[in-house]
Structure formats: structure tokens, C-alpha cells
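Just so we're on the same page: letters track the sequence lines, and every chain starts at 1. Predicted, not measured: the structure shown is a model, and the values here were computed from it.
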There are 2 protein chains.
Amino acid sequence: MKTRIAELRKKHKITQEELAMAVGVTRQTITSIEREKYTASLVLAYKIAKYFGTTIEDIFDFSEVEVEEIKK
Amino acid sequence: MKTRIAELRKKHKITQEELAMAVGVTRQTITSIEREKYTASLVLAYKIAKYFGTTIEDIFDFSEVEVEEIKK
DNA sequence: ATAAAATGTCAAGTATGCTTTACATTTTTT
DNA sequence: AAAAAATGTAAAGCATACTTGACATTTTAT
């Protein structure tokens, strides 16, 4: 899954290590998520979003996720 | 993790089975998430949120998640 | 140009998010 | 009250999200 993590890190001039420490994971986890090796868990996604002061949907790209909506 | 899934299901009068089918998981997965047996994955959380026409943060309760914020 | 820092990669191991199957229990409908 | 529908539970298995350790490669600083 594409994310805006690397972009936000560069904008704020922080390393993967610094972000990793702030959100409680290893630097390799941040690398893997940025490189789309795997998708962040819900809790980690939230922590990253809050760290950058925004929402999960603003950082993680769900455009390829197909969704149904409830009928009213 | 607490969620508002059961509440929204009741409000809209749909069963766990119906929600499960709509978001592409088994009925037992919905049960497990409602009963807090485990936390939904990011993609599933998004699908459920979109199904009910709202945001992840509105359905899943992150109040117990500790977060750091970037220093400006 | 060299050294240091940051990032990428790999592999093995652990934990968690799901699936499947089956039955129990509760709730709703008849 | 009985039957049907909905939900709860358990266990085993699979896939994925992470951790750890180590080294390679790239980027940045000197």
C-alpha cells in the first residue's frame, strides 16, 4: 500500500529511526511500510497519523481498495 | 479495541453476516472484532468505515493508544 | 575524496489477523 | 412454546505484520 510517510518525513526532516522510535516500532518496520513490503497495522497507522498531526486516510492510500456502501 | 460496529449494525438493522459479506470477511471475523478478540487490519477497518459512510477514527476507539506528536 | 549517517535488503523467528469447521447459546420469529 | 435465525465460542491452520541481527548500498556531511 502506498503511503505519504516518506514525503512527510522529508518535509519535517526526520529520519526513519526517529519516526520509528516515536511510534514504537523498529526502523526496519518503517522501511518496510515505506517500501510497501507490508501494510501497517491499524494501531500503528493511527500512531503515525497522529504523530504527523493528520488522519489515517490522509497518509495511507486506499484508492485501490474496493468498498461497498450500505443502502439507506 | 472497542468499536462502534455493533452499534452501527443495530442502527441500520443488519446482521453480522451481511456486514461480513459486504466487507469481504467471514461472519466470525466480524464477531471477533466486535467482541474485541482481535483488532481489524487497516484495510478491513477502512472497508467497514466506508461501508457505514464514515471514517476509521469514528468507528474504532483509539483513546487507549498513546501517541507522540512531532515537534514543530 | 573519505567518513559518517541513513536507508535498503535478507532471513529467521514471533505475534497477530483471518479462515474454516463445528457446535453452543442467545435472540428473534412463528 | 417451538423453531429459526443470529451470535458466541473454540481450535487448528494459514498469511501477514512485526522484531532482531547483520550486512549492503546510497546519501549526506566533512
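- Nucleic acid contact for A:T29: base, since at least one base atom lies under 4.0 Å from a heavy atom of the residue.
- The shortest distance between the side-chain N/O atoms of A:T26 and the OP1/OP2 oxygens of D:dT20 is not below 4.0 Å.
- With a 4.5 Å cut-off on side-chain heavy atoms, B:I56 and A:F62 count as touching.
- For D:dA6, the OP1/OP2 oxygens have no side-chain nitrogen or oxygen of B:R9 closer than 4.0 Å.
- Atom CD1 in A:I30 sits about 18 Å away from atom C1' in C:dA5, given to the nearest Å.
- Annotation: of the two residues near DNA chain C, B:V25 and A:E17, the 5′-most nearest-nucleotide partner is A:E17.
- Taking atom OH of residue B:Y38 and atom P of nucleotide D:dA15, one finds them 16 Å apart after rounding to whole Å.
- A:E18 places a side-chain N or O within 3.5 Å of a backbone atom of A:T15 that can act as its donor or acceptor partner.
- Note: NZ (B:K47) to C1' (C:dG17) measures 14 Å, nearest angstrom.
- Side-chain atoms of A:T15 lie closest to C:dT7 of the nucleotides C:dT7, D:dT9, D:dA17.
- When heavy atoms are screened at a 4.0 angstrom cut-off, B:T31 is found touching base atoms of the nucleic acid.
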Discussion item. For B:Y51 and A:V67: C-alpha separation, side-chain torsions, deciding distance, then whether side-chain contact (heavy atoms from CB on, under 4.5 Å) applies.
Written reply: CA-CA 7 Å; B:Y51 183 71; A:V67 298; over 6 Å; no
Item to complete: Test side-chain hydrogen bond (donor to acceptor under 3.5 Å, both in side chains) on A:S32 and A:T29 and set out the steps.
Response: CA-CA 5 Å; A:S32 298; A:T29 296; over 6 Å; no
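- As judged by a 4.0 angstrom heavy-atom cut-off over every strand, B:T39 is placed among residues touching the sugar-phosphate backbone only.
- Between the P atom of D:dT16 and the CG atom of A:L44 lies a distance of 18 Å, rounded to the nearest Å.
- By the neighbour-count criterion of 12 heavy atoms within 6.0 Å, atom CE of B:M1 is densely surrounded, having more than that number from other residues, nucleotides or ligands.
- Nucleic acid contact for A:R35: sugar-phosphate only, since backbone atoms but no base atoms lie under 4.0 Å from a heavy atom of the residue.
- The distance from atom CD of A:Q28 to atom C1' of C:dT9 is 10 Å, rounded to the nearest whole Å.
- Contact annotation: B:S41 side-chain N/O to D:dA17 OP1/OP2 distance is not under 4.0 Å.
- The NZ atom of A:K37 sits 17 Å away from the C1' atom of D:dT19 (whole-angstrom rounding).
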